[in-house]
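We name chains A, B, ... by the order of the sequence lines, and we start the count at 1 in each one.
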Amino acid sequence: MAIRFYNSLTNQTEDFQPLEAGVVRMYSCGPTVYDFAHIGNFRSFLFADLIRRFLEVMGNDVTHIMNITDVGHMTDDHLADGGGEDKMEAAAKRLKEDKKSGKVPDGAIENPDDPYQVAQFFTDAFLEDSRKLGLKIAFEYPQNIPHATNHIQDMQEMIDELIKSGHAYVGPDGAVYYSVESFPKYGSLSGNTLDQLREGSGGRVQQNDQASKKHPADFLLWKPDQSHIMKWDSPWGMGYPGWHIECSVMARKLLGRDVIDIHTGGEDLIFPHHECEIAQSCGASGEDHFARFWMHARFLMVEGEKMSKSKGNFYTVRDVLGGKVTGREVHPAVLRYELIRSHYGSNMNFTEKGLKDSAAAVRKLNEFNAMLEAKTGGEAAEVDNSHPVLAGFLGALSDNLNISGALGVLFPWMSGPHENPQESLAVLRTINRILDVAPMEHAEELQSESSDAGGFDPAELCKGIDDARANKDYGRADELRNQLQDAGYEVRNSPEGTIATKQLA
RNA sequence: GGUGCGGUAGCCAAGUGGCCUAAGGCGAUGGAUUGCAAAUCCAUUAUUCGCGGGUUCGAAUCCCGCUCGCACCUCCA
C-alpha cells in the first residue's frame, strides 16, 4: 500500500517514503503563546496529529517536533525597524485585565509583567487544550515541544553560519538580514519570484523600512534592540531573533538532520514563513531540501465566513468546549472529530450543525465500542493491516489522507453484522489509534454516571420514570423525562430500564 | 495583477475516462418497535456532477472558454 501525499513544494501528489526506512522525522509549526489558541490553530495541529498517527499505524517510528514561539515578537516585526507593539506586552496587558475581571483565576499567573510567566501561562493553556483534543505530541512536552527562547544560542550559531556562507549580511542599521538574492530557489515553495515580490512590495512597504535591505524581500535574522522586552546578548548587539529562524534551528537540532521528511503548518505559513525557513536551512546546510514534503492545512471558516475577532465568530478551544457555540458543554472528542473529519486540503466550514453531527458520530462510535467491549470482555483478537476493513480504511488514508473515504469504510462496517466481536474489536482499536475518539484516550468518561451538583441526580430521575411507567402514570414519566432533557441529557429505554446520558454537544 | 485550491443531492462529502442509472455521514419521508417519544432496525431520498463548447465508442472524471467561491502574495494555523 503506497502512501501518497500532496506536496506543496511540487504541487503534486507524490509517493511518500521517509529518508530512513521506517523512521519519519516531522516538524510542525506550533503556536505563539500570546493568547489562547483558537479552533483554526487546532485544525492545523490536529491535521499534523492525524498524519503522525496514521504513519505510526502504518508501521513507522515517528519523531514529531512542534515549537512554542515565545519570543516576544513585534506586531510589525516584518518591517525592518521592528515597529508596532510588542506582542508579549500586549498579552501582558490583556492578562492583567482578565485577572481583574476574574476571567483568569487568581494565582494562575503571579506577575504578568514577566514575559516568561505570560508565555508559560499560555503554554500551559495550550498544552491543556491539546491534551483534551488528543494531540499526541502534547504528552511529549517538553522534550518534543521546544520553546524558542531555549534555543537562542543555537539560532545565533546558524545566523553566524549564514553570514559566513554569504547568505546573510549586517545592514547599515546593524540588523542581520538574509539575502534572498543569495538563494536562487527563494520563492519556489510559494510560487513567487523575486521580481514579483519586488513589485508586490510597492506601495505596501514603507520606503524607510527598506533602506537597510539589499532587496525588499530580505528578512530579519537578528534585530539589535535594547528596548525590546525580551532580549539576549549577541555578536550583533543586545536584541532578539527574527521570527523564521527558530524553526530552522529547532528542526535541525531536535530531529538531528539537515533534511527532514515532513514539515506541516497552516496554509498562511507558506509565504513568507516556510519560504524563509527553506532559505535559512538550505543556506546553512547546503542541501537541496529542508523538508522533502511540505504539507499545509487550509483555513477553517466559521458558518461560511473567515474567523475574525471583529465578526464575533472567533472561537478558542475552551469557548467551544464550554458551550459558546452550542449552548451546552461539548465533549472534547466531538471537537476533535469535527476538526479532523474533513480533508485538510480544502477549507473547512465549522458550523454548529456540523458539531452536532459529529456528536452523533462520536456517540455511535463509542456505543459500538462499548458493545464490542461488553461482548468480548475486552479481549481482542490479533489482526494486522491486511484485514479487509483496515485495508480499506488505511488505503483511503494512504491516498493523501482521504479521511472521508476512510470514514466511508468505517460506518457501513460498523452497522453490519459482527459475528466475530473479538476481531471487530481489534479492528476498531486499530482505527481508534488514529481517530482517538472511541474511546478517547486520556479524556473523561463520555457517560457521566455521577450526580450533578445541586441535587440533580439523573439515575434517580430515571428510576422515577420507570416507576411512573410501571404505574401507567405517563404524565409523571413525561415530566421527568423533560427535566432530564432540559438538563442536557438524552433519555432512552433499554432492557435494564431508562438510561440518561449526557449530550455530547 | 501574480500564485494555489475548489464548485457533486436540503447539508457535509468520496469518486478524477467504462465496475457511476455517483460511496459514506447528517437530515428528511414511510414502516417495524414504543403508552408517546428517544435509541435501534428496514426502506425511500442526485438518470445527475457550476455553465457552454470540444476530444472519445464512452466523461463528474481529459481539453478550451466562461462563471462563482476561498486562500496566499502584509501579522495570521
Now, which nucleotide makes the Watson-Crick or G-U wobble pair with [N], with each of the two distances under 3.5 Å?
N: B:rU29; result: B:rA43
N: B:rA59; result: none
N: B:rG17; result: none
N: B:rU48; result: none
N: B:rG69; result: B:rC5

Find out whether [X] and [Y] are in side-chain contact, i.e. whether some heavy atom of one side chain is under 4.5 Å from a heavy atom of the other.
X: A:M307; Y: A:H38; answer: yes
X: A:I434; Y: A:F393; answer: yes
X: A:I278; Y: A:K185; answer: no

Contact class for [X] (heavy atom, under 4.0 Å): base, sugar-phosphate, or nothing?
X: A:L300; answer: base
X: A:G408; answer: base
X: A:E490; answer: nothing
X: A:G265; answer: sugar-phosphate
X: A:L407; answer: sugar-phosphate

Can you tell me if A:N493 uses its side chain to pair, donor with acceptor, with the backbone of A:T498 under 3.5 Å?
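A pair under 3.5 Å: no.
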Do any N or O atoms from the side chain of A:N7 and from the backbone of A:R292 form a donor-acceptor pair under 3.5 angstrom?
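Present.
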Under 4.0 Å between a side-chain N/O of [X] and OP1 or OP2 of [N], yes or no?
X: A:K364; N: B:rU40; answer: no
X: A:N347; N: B:rC70; answer: no
X: A:Y6; N: B:rG4; answer: no

Spacing between [X] atom [atom1] and [N] atom [atom2], to the nearest angstrom:
X: A:E367; N: B:rA39; atom1: CD; atom2: P; value: 10 Å
X: A:L365; N: B:rU40; atom1: CG; atom2: P; value: 12 Å
X: A:M301; N: B:rC12; atom1: CE; atom2: C1'; value: 15 Å
X: A:N349; N: B:rG7; atom1: CG; atom2: C1'; value: 14 Å
X: A:Q503; N: B:rA39; atom1: CD; atom2: P; value: 10 Å
X: A:D268; N: B:rC70; atom1: CG; atom2: P; value: 17 Å
X: A:F271; N: B:rC76; atom1: CZ; atom2: P; value: 12 Å
X: A:K353; N: B:rC26; atom1: NZ; atom2: P; value: 10 Å

Nucleotide nearest [X] when distance is taken to its side chain, options [options]:
X: A:F411; options: B:rC26, B:rA77, B:rG24; answer: B:rG24
X: A:R469; options: B:rC73, B:rC36, B:rC76; answer: B:rC36
X: A:S415; options: B:rC41, B:rA77, B:rC5; answer: B:rC41
X: A:L269; options: B:rG24, B:rA77, B:rC73; answer: B:rA77
X: A:H38; options: B:rG25, B:rC36, B:rA77; answer: B:rA77
X: A:N493; options: B:rA38, B:rC26, B:rC5; answer: B:rA38

Ion pair [X]/[Y], N-O distance below 4.0 Å:
X: A:R363; Y: A:E490; result: yes
X: A:K375; Y: A:E419; result: no
X: A:E460; Y: A:K463; result: no

Does the base of B:rC26 carry an N or O that pairs as donor and acceptor with the side chain of A:R341 under 3.5 Å?
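No pair found.
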When only distance counts, do a donor and an acceptor, one from the side chain of A:R492 and one from the base of B:rA37, lie under 3.5 Å apart?
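Between B:rA37 and A:R492, which were checked side chain against base, a qualifying N/O pair under 3.5 Å is absent.
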If you find the nucleotide of RNA chain B closest to A:S190 and the one closest to A:D478, which residue's nucleotide is nearer the 5' end?
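Final value for this comparison: A:S190.
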Of A:R363 and A:K306, whose closest RNA chain B nucleotide lies nearer the 5' terminus?
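On the 5' side of the pair lies A:R363.
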For A:F368 together with A:F411, are the ring centres under 6.0 Å from each other?
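No, the ring of A:F411 stays outside the 6.0 Å limit from the ring of A:F368, centre to centre.
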For the aromatic rings, using the six-membered ring if either is Trp, is the centroid distance between A:F290 and A:H263 under 6.0 Å?
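Yes, ring centres under 6.0 Å apart.
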Using the [atom1] atom as the reference point in each nucleotide, state the distance between [N] and [M] in Å, no decimals.
N: B:rG18; M: B:rG50; atom1: C1'; result: 25 Å
N: B:rG25; M: B:rC49; atom1: P; result: 24 Å
N: B:rG35; M: B:rU44; atom1: P; result: 28 Å
N: B:rU33; M: B:rC68; atom1: C1'; result: 48 Å
N: B:rA23; M: B:rU16; atom1: C1'; result: 15 Å
N: B:rC26; M: B:rC36; atom1: C1'; result: 25 Å
N: B:rU3; M: B:rG15; atom1: P; result: 27 Å
N: B:rA43; M: B:rG53; atom1: P; result: 40 Å

Sugar-phosphate atoms are those with a prime plus P, OP1 and OP2; base atoms are the rest. Using that split, label each nucleotide of nucleotides 14-20 of chain B B, S or - for protein heavy atoms under 4.0 Å, 5' to 3'.
SS-----
Quick one: salt bridge (charged side-chain N to carboxylate O under 4.0 Å, His left out) partners of A:E277, sequence neighbours excluded?
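Partners of A:E277 by the salt bridge (charged side-chain N to carboxylate O under 4.0 Å, His left out) criterion come out as none, since no residue qualifies.
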ring centroid sep under 5.5 Å plus plane angle under 30, A:F299 with B:rA77
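Stacking is present between B:rA77 and A:F299, given that their ring centres fall under 5.5 Å apart and the planes under 30°.
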Stacking check A:Y474 vs B:rG35 (5.5 Å / 30 deg):
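By the stated criterion, A:Y474 and B:rG35 stack.
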